[in-house]
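Structure first, then comments.
Scope of the values below: all heavy atoms of this structure, side chains included, with no hydrogens, waters or symmetry mates. Numbering starts at 1 and runs along the sequence shown.
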Amino acid sequence: MKKLMLLLLQLSFLVTAWAQRNPFVQTCYTSDPAPMVVGDSVMYVFTGHDEDNADFFWMQEWRVYATRDMVNWTDLGSPLALESFSWADDRAWASQCIERNGKFYWYICAHSKLSGGMAIGVAVANHPEGPYRDALGKPLYENGSWDHIDPTVWIDEKTGQAWLMWGNPRVYALELESDMIHSKGDVHLIDMTEEGFGAPPMNQREKGKQYRDSYVEGPWLMQRGGRWLLLYASGGVPEHISYSSAENPLGPWHYEGEIMPLGGTDSFTNHCGVADFRGHSYFFYHTGWLPGGGGFGRSVAVQEFRYTADNKFPIIRPTREGVEPLSNLNPYRRVEAETMAFSKGLHTTQNDRTGVFVCDIHNGDWLRVESVDLGANGARQLTVRAASALRGGTIEIHADSIQGTSLGSVSITGTGGWEQWKTFSAPLSQTVTGVHDLYLTFHGRKGPKLFNLDWWKLKK
């Protein structure tokens with residue numbers, strides 16, 4: 001009986017590991033997810049990047065990820081960093097991007113060397129993945145205060161008026177001109193009442209009174225069912241996610257309750273974003289789930305949910321299982337190596353010539369792509385683009401699990417440099433048909449880095 005129980009526990013662990021999709025980026029620490037859907041065909045998520053081994057929010061750049069199926073995410077690299085803004089010198093904190101008239105406006109906050117406080121800036125690009133440039137050459141708003149963090153933006157679905165909101169520990173609101181880069185009128189300080197946010201500002205609270213909730217930071221502005229909604233990190237530290245509603249962004253706001261209660265994220269902060277995609281609603285947040293992670297090493301995650309009949313949010317709990325795929329992946333065209341549903345031990349980097357690619361591959365590392373359609377006849381050949389300055393290694397391809405059916409392998413030899421790419425091909429030894437998860441596992445001498453990987457594809 002003990003042996004049977006042990007076997008069941010081992011099987012349970014394997015199933016859980018197989019099903020894990022959150023956090024959906026494993027190649028670096030990411031935070032403050034801001035989703036944006038373009039044309040109902042691609043979901044982009046703009047994130048921050050927590051530095052390794054950080055003891056504070058020391059963040060230098062922002063990153064972008066994209067998916068068509070909600071499980072296989074492509075790393076688009078870092079098209080925006082502190083160096084993109086001549087006035088910024090530290091703390092590349094939360095951001096959000098929005099499309100208008102075919103251009104993409106990315107609102108960020110960073111420490112300003114002009115005022116010595118936090119400031120709101122904006123960059124613009126012709127494509128979601130960039131390149132982006134500072135639209136103004138100066139902050140969109142700053143006054144030397146540290147309040148000006150975590151911008152969120154929304155365009156009124158009826159009037160077309162764009163609104164920008166931000167702030168910790170208070171909420172600020174600003175109308176934007178139609179060019180999306182200049183302010184329209186004055187900055188408004190939102191009246192934060194107990195009715196509106198669960199508690200008034202700290203300096204207005206009654207001593208000893210227990211309040212329902214309290215706004216902290218990380219606002220997310222949106223519209224639903226004819227009303228404005230403001231989601232935010234709340235309650236102090238550690239943070240949970242709550243929301244309020246109003247007839248217009250200036251209020252008065254009405255506190256609606258919690259969305260993601262405390263517990264289960266392993267991070268003392270949280271920051272959310274919401275988007276509808278291909279008929280589904282998704283709630284993004286961040287966790288401390290990666291190895292070595294925590295409050296300063298966060299990682300983005302996503303849950304699907306359904307609004308209630310009266311367009312309110314349900315309670316949403318964090319899970320490592322994440323969401324189900326919306327479609328299948330085609331392996332018979334070039335698949336970027338940085339497209340993955342989950343991975344172990346891998347990192348990505350980028351340059352102007354190659355773009356983003358997978359680096360630091362060692363023996364025992366692996367990546368998974370999910371819901372891959374191999375067709376009625378299966379694949380006959382694996383081709384990869386790799387580079388190795390030293391000894392190379394082997395890529396094995398398995399179906400459904402790391403120890404699942406072995407379809408074959410391809411050997412990588414030295415190419416003369418870590419970015420001197422060569423194409424390698426090998427016939428597959430086993431044919432599998434239909435839809436499967438595929439695992440690319442990497443093998444070679446234990447210890448040293450083996451090779452870098454740019455892309456792969458199968459051939460019928």
Side-chain angles (χ1 to χ4, degrees), residues 17 20 23-30 47 49-54 58 60-61 63-65 72-79 81 289-293 297 299 331 334-369 382-398 401-404 406-426 437-458:
Q20 183 172 357
F24 61 83
V25 176
Q26 309 87 38
T27 51
C28 69
Y29 295 122
T30 53
T47 78
H49 177 196
D50 291 351
E51 296 294 323
D52 291 353
N53 305 312
W58 304 119
Q60 307 295 316
E61 64 180 14
R63 301 187 65 84
V64 185
Y65 300 85
N72 297 301
W73 291 85
T74 301
D75 186 343
L76 300 178
S78 173
W289 287 344
L290 286 184
S299 47
R334 171 171 161 165
V335 180
E336 297 299 325
E338 63 273 15
T339 297
M340 56 189 80
F342 213 80
S343 66
K344 173 187 173 294
L346 303 178
H347 299 278
T348 62
T349 190
Q350 67 189 95
N351 60 38
D352 290 340
R353 184 179 60 181
T354 307
V356 181
F357 57 92
V358 173
C359 61
D360 293 334
I361 297 174
H362 294 78
N363 179 66
D365 293 344
W366 55 265
L367 68 84
R368 182 181 84 231
V369 283
L382 171 64
T383 299
V384 304
R385 186 77 167 171
S388 178
L390 298 173
R391 57 193 56 81
T394 302
I395 301 175
E396 295 181 4
I397 186 167
H398 295 260
S401 73
I402 297 175
Q403 292 83 25
S406 176
L407 305 186
S409 64
V410 60
S411 296
I412 310 300
T413 59
T415 62
W418 293 117
E419 295 182 24
Q420 292 188 30
W421 301 98
K422 183 179 178 181
T423 301
F424 300 88
S425 296
D437 293 353
L438 294 184
Y439 286 75
L440 273 62
T441 64
F442 308 111
H443 307 276
R445 185 175 297 181
K446 294 181 179 180
K449 172 179 171 179
L450 302 177
F451 49 85
N452 295 332
L453 185 61
D454 185 17
W455 54 261
W456 64 273
K457 67 178 180 179
L458 299 179

| Is the shortest heavy-atom distance from the side chain of Asp365 to the side chain of Thr441 under 4.5 Å? | no
| Is it the case that Ser343 and Gln26 place a side-chain donor and acceptor less than 3.5 Å from each other? | yes
| said: Show the nearest heavy-atom pair for residues Ser78 and Arg63, with the distance to one decimal. | reply: CB-NH1, 3.9 Å
| field | Heavy-atom closest pair, residues Trp421 and Phe357 | value | CH2-CD1, 3.6 Å
| Taking the side chain from Arg353 and the backbone from Glu419, do they hold a donor-acceptor pair closer than 3.5 Å? | yes
| request: Grab the two heavy atoms, one from Lys344 and one from Gly364, that are nearest each other, plus how far apart they are. | output: NZ-O, 4.1 Å
| Looking only at heavy atoms, what is the nearest atom pair of Lys457 and Trp455, with distance? | CG-CZ3, 4.0 Å
| field | Thr348 side chain to Asp75 side chain, donor-acceptor N/O pair below 3.5 angstrom | value | yes
| request: Any chance you could measure Ser299, atom OG, to Tyr29, atom OH, to the nearest 0.5 Å? | output: 8.0 Å
| task | Check whether any side-chain heavy atom of Glu336 sits under 4.5 Å from a side-chain heavy atom of Asp454, and report yes or no. | result | yes
| Taking all non-hydrogen atoms of both residues, which atom of Leu290 and which atom of Pro23 are closest, and how far apart? | CD2-CG, 3.6 Å
| query | Taking the six-membered ring where the residue is Trp, are the ring centres of Phe451 and Trp418 under 6.0 Å apart? | reply | no
| query | Have Thr30 and Thr47 got a donor and an acceptor in their side chains that come within less than 3.5 Å? | reply | no
| field | Student check: side-chain heavy atoms of Trp456 and Leu382 closer than 4.5 Å | value | yes
| task | Decide side-chain contact (heavy atoms from CB on, under 4.5 Å) for Val384 and Ile412; before the verdict, give the C-alpha distance in whole Å, the side-chain angles of both, and the deciding distance to 0.1 Å. | result | CA-CA 9 Å; Val384 304; Ile412 310 300; 3.6 Å; yes
| Flag side-chain contact, heavy atom, 4.5 Å: Leu367 against Phe442 | yes
| said: Could you check whether any side-chain heavy atom of Val358 comes within less than 4.5 Å of a side-chain heavy atom of Met340, counting everything from C-beta outward? | reply: yes
| request: Flag the pair Phe424 / Thr413 as yes when at least one side-chain heavy-atom distance between them is below 4.5 Å, and no otherwise. | output: yes
| message | What verdict does the side-chain contact (heavy atoms from CB on, under 4.5 Å) test give for Glu396 and His443, after you've listed the backbone C-alpha separation in whole Å, the side-chain angles of each residue and the deciding distance to 0.1 Å? | response | CA-CA 8 Å; Glu396 295 181 4; His443 307 276; 3.5 Å; yes
| message | Given 3.5 Å as the limit, does a donor-acceptor pair link the side chain of His398 with the main chain of Gly404, or not? | response | yes
| query | Are Leu407 and Leu438 side-chain neighbours, meaning at least one heavy-atom pair lies under 4.5 Å? | reply | yes
| field | Heavy-atom side-chain contact between Gln60 and Glu51 under 4.5 Å | value | yes
| message | Would the distance check show the side chain of Asn363 and the main-chain N or O of Arg445 forming a donor-acceptor pair, the cut-off being under 3.5 Å? | response | no
| Are any side-chain N or O atoms of Ser388 and backbone N or O atoms of Leu450, one a donor and one an acceptor, separated by less than 3.5 Å? | yes
| field | Ring centre gap for Phe24 and Trp73 strictly below 6.0 Å | value | yes
| message | Heavy-atom count check: over 12 atoms from other residues, nucleotides or ligands less than 6.0 Å from Asn351 CG? | response | yes
| task | Looking only at non-hydrogen atoms, find the nearest pair between Ala386 and Leu453 and report the distance. | result | CB-CD1, 4.3 Å
